[in-house]
Number of protein chains: 2
Amino acid sequence: MTLELPTDAPRHCGDCQIRHRAVCSRCNVDELMQLDQIKYYRSFEAGQTVLWSGDQMDFVGSVVTGIATLTQTMEDGRTQMVGLLLPSDFVGRPGRETAPYDVVATTDIVMCCFRKKPFEAMMADTPHIAQRLLQMTLDELDAAREWMLVLGRKTAREKIASLLSIIARRDATLRLASLEGQIVFDLPLTREAMADYLGLTLETVSRQISALKRDGIILLEGKRHVTIPDMERLMNEAGDDADGGMVS
Amino acid sequence: MTLELPTDAPRHCGDCQIRHRAVCSRCNVDELMQLDQIKYYRSFEAGQTVLWSGDQMDFVGSVVTGIATLTQTMEDGRTQMVGLLLPSDFVGRPGRETAPYDVVATTDIVMCCFRKKPFEAMMADTPHIAQRLLQMTLDELDAAREWMLVLGRKTAREKIASLLSIIARRDATLRLASLEGQIVFDLPLTREAMADYLGLTLETVSRQISALKRDGIILLEGKRHVTIPDMERLMNEAGDDADGGMVS
DNA sequence: TGGTTCTTTTGATCTGGGTCAAAGCCCGGT
DNA sequence: ACCGGGCTTTGACCCAGATCAAAAGAACCA
């Protein structure tokens with residue numbers, strides 16, 4: 001399961017093609033890599049579980065290619081996705097021994113891992129990396145809180161619209177084109193994964209996507225290929241009218 | 001609005017009576033306080049808004065006494081609580097200029113604040129504080145993710161039971177007694193606030209509390225004073241059977 | 001090329017929780 | 001003691017989304 005990255009795989013830093021969202025700006029991960037022999041790559045197939053809830057978590061790492069999800073599951077099988085990992089996103093919980101949720105590969109993925117002990121020690125030595133990690137974690141916390149509003153208060157249609165605009169906005173690596181406001185991308189998730197993300201059933205997801213298509217908010221080719229002709233209109237459907245928020 | 005803390009108020013650190021959950025173990029906030037004239041206290045009345053979404057956020061701080069909530073609101077008035085701040089919890093978003101949500105005092109509160117700029121600069125100088133802050137943020141992230149499972153997948157009854165056990169478990173400062181497994185506390189939230197927490201309506205909250213009372217899961221005196229005769233049973237109702245999680 | 005399995009769509013029906021409405025309850029003020 | 005305004009409870013009704021069921025695509029393999 002631990003293996004060397006094929007030489008033609010995208011490099012993580014420096015002259016890499018991967019967008020780095022957080023840890024790796026200009027480029028802290030490079031520093032990590034200089035330090036060590038503690039870095040290694042792991043790859044997983046689509047559907048494979050990287051980490052079970054409760055597992056020993058002896059590494060931290062970031063996603064190089066592909067998409068993974070964090071999910072929590074109840075004994076009766078109800079599951080809720082609690083995080084979505086795109087390339088450059090971070091996995092791991094410094095300061096906790098076991099994983100609090102499952103990490104599952106949604107597509108084939110490659111992760112760049114670091115053994116945990118050295119990582120944490122090093123964090124003390126290199127405060128700017130700790131700061132950057134803090135930054136990233138705060139971003140994730142903000143995202144989680146937005147998500148909570150979606151889960152707690154939005155209708156099914158608004159939830160779908162929210163998810164689509166999140167993917168369209170955030171996931172630049174998946175975006176294929178963006179001509180005169182049109183946004184085109186392939187959905188990285190099955191209907192079931194979308195349902196797990198949004199706290200819905202897959203049937204409801206399917207119905208609402210059909211409805212958005214019928215109403216011309218989105219265009220679909222096949223099941224996954226999405227075109228958004230008018231981002232404004234989609235965001236309207238999502239219920240978050242672009243409103244900076246004034247002091248009243 | 002900025003004022004000196006009355007001299008008989010609980011001290012923040014050292015010989016203080018306040019439980020410190022994160023930043024302040026042995027006791028980093030003391031170091032902050034040594035540095036400066038940048039510390040000051042603010043107090044707010046119950047119901048008062050500390051910070052509006054979109055406001056300039058020129059300070060960070062922790063709650064000394066009382067309870068505050070973080071809430072997000074949609075234009076049509078739907079609101080979702082996204083965080084609950086108990087004494088020692090942290091407010092503020094290093095690295096972001098404006099607040100992403102409202103901070104509202106639920107009870108009268110006193111906050112210990114630090115002007116933001118010096119705080120951030122100092123964080124670079126004192127990496128162990130940055131680490132601790134990271135720790136705390138990661139804890140909050142975990143809590144947010146648990147909360148997402150509650151919001152997305154639990155029934156109204158399970159949601160209420162979850163909230164009650166969270167309060168019972170987490171909030172030691174509110175706990176009045178814990179005799180032979182019995183837990184007694186006063187609810188720090190109105191029915192409406194509970195509804196905002198759980199993504200329900202206040203009517204449903206009321207109904208479910210009545211139902212739990214009828215079924216003997218909880219005892220109520222007045223509207224706020226709760227006794228939990230059997231914590232096991234409550235956690236059962238919450239749907240999270242204490243299950244460490246084994247590798248399968 | 002046909003079978004097998006997984007994903008997605010669509011339909012029919014049911015139900016948990018929302019909505020609307022009306023009382024109680026409690027506390028504080030006069 | 002009375003009144004007024006927040007909370008809270010309870011009831012009646014309704015609907016968005018869950019559940020159950022079936023069939024249509026798509027992908028994969030033999």
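Protein chains get the first letters and strands the later ones, always in sequence-line order, with residue 1 at the start of each. Just so we're clear, the structure is a prediction, and the values are computed from it rather than from any experiment.
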Interatomic distance where [atom1] belongs to [X] and [atom2] belongs to [N] [whole Å]:
X: B/Leu202; N: C/dG24; atom1: CG; atom2: P; result: 18 Å
X: A/Glu203; N: D/dA16; atom1: CD; atom2: C1'; result: 14 Å
X: B/Glu192; N: C/dT19; atom1: CD; atom2: P; result: 13 Å
X: A/Leu189; N: C/dT7; atom1: CG; atom2: C1'; result: 14 Å
X: B/Leu220; N: D/dT9; atom1: CG; atom2: C1'; result: 12 Å
X: B/Gln208; N: D/dT9; atom1: CD; atom2: C1'; result: 13 Å
X: B/Arg157; N: C/dT15; atom1: CZ; atom2: P; result: 18 Å
X: B/Arg214; N: D/dT8; atom1: CZ; atom2: C1'; result: 16 Å

task: May I ask you to say what A/Arg78 touches in the nucleic acid, namely base, sugar-phosphate or nothing, with a heavy-atom cut-off under 4.0 Å?
output: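 The residue A/Arg78 makes no contact with any strand.
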query: Contact class for B/Gly47 (heavy atom, under 4.0 Å): base, sugar-phosphate, or nothing?
result: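 No contact at all - B/Gly47 keeps every heavy atom at 4.0 Å or more from the nucleic acid.
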message: Quick check: on DNA chain D, is the nucleotide nearest A/Thr201 upstream (toward 5') of the one nearest A/Lys223, or the reverse? Name the residue that is more 5'.
response: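 Its nucleotide being nearer the 5' end, the pick is A/Thr201.
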field: Exercise: identify the closest heavy-atom pair between B/Ala105 and B/Val50
entry: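 Here B/Ala105 and B/Val50 meet closest at N-CG2, 4.3 Å.
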Base C/dG11 paired with A/Arg207 side chain (donor-acceptor, <3.5 Å):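 Result: at least one qualifying N/O pair found.
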message: Quick check for you: among C/dT8, D/dT9, D/dG17, whose closest atom lies nearest to any side-chain atom of A/Arg191?
response: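 The answer is C/dT8.
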message: Starting the side chain at C-beta, find the nucleotide from C/dT9, D/dT8, C/dG17 nearest to A/Ser210.
response: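 In terms of side-chain proximity for A/Ser210, the closest of C/dT9, D/dT8, C/dG17 is C/dT9.
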message: On the nucleotide C/dT8, are OP1 or OP2 found under 4.0 Å from the side-chain N or O atoms that A/Ser206 carries?
response: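 Negative; the distance criterion is not met.
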message: Given 3.5 Å as the limit, does a donor-acceptor pair link the side chain of B/Glu158 with the main chain of B/Thr155, or not?
response: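 Indeed, once roles are kept as given, a pair shorter than 3.5 Å links the two residues.
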field: Donor-acceptor pair, side chain of B/Arg191 and main chain of B/Thr204, under 3.5 angstrom
entry: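 Here the side-chain-to-backbone pair does not exist.
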- prompt: Are B/Arg233 and B/Asp215 within salt-bridge range, i.e. N to O under 4.0 Å?
  reply: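 Between B/Asp215 and B/Arg233 there is no salt bridge, as every charged N stays at least 4.0 Å from the carboxylate O atoms.
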- request: Determine, for A/Glu140 against A/Arg145, whether the closest basic-nitrogen to carboxylate-oxygen distance falls under 4.0 angstrom.
  value: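 Looking at A/Arg145 together with A/Glu140, the answer is no, because their closest N to O distance does not fall below 4.0 Å.
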field: 5'-most by nearest nucleotide on DNA chain C - A/Thr190 or B/Leu200
entry: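 The answer here is A/Thr190.
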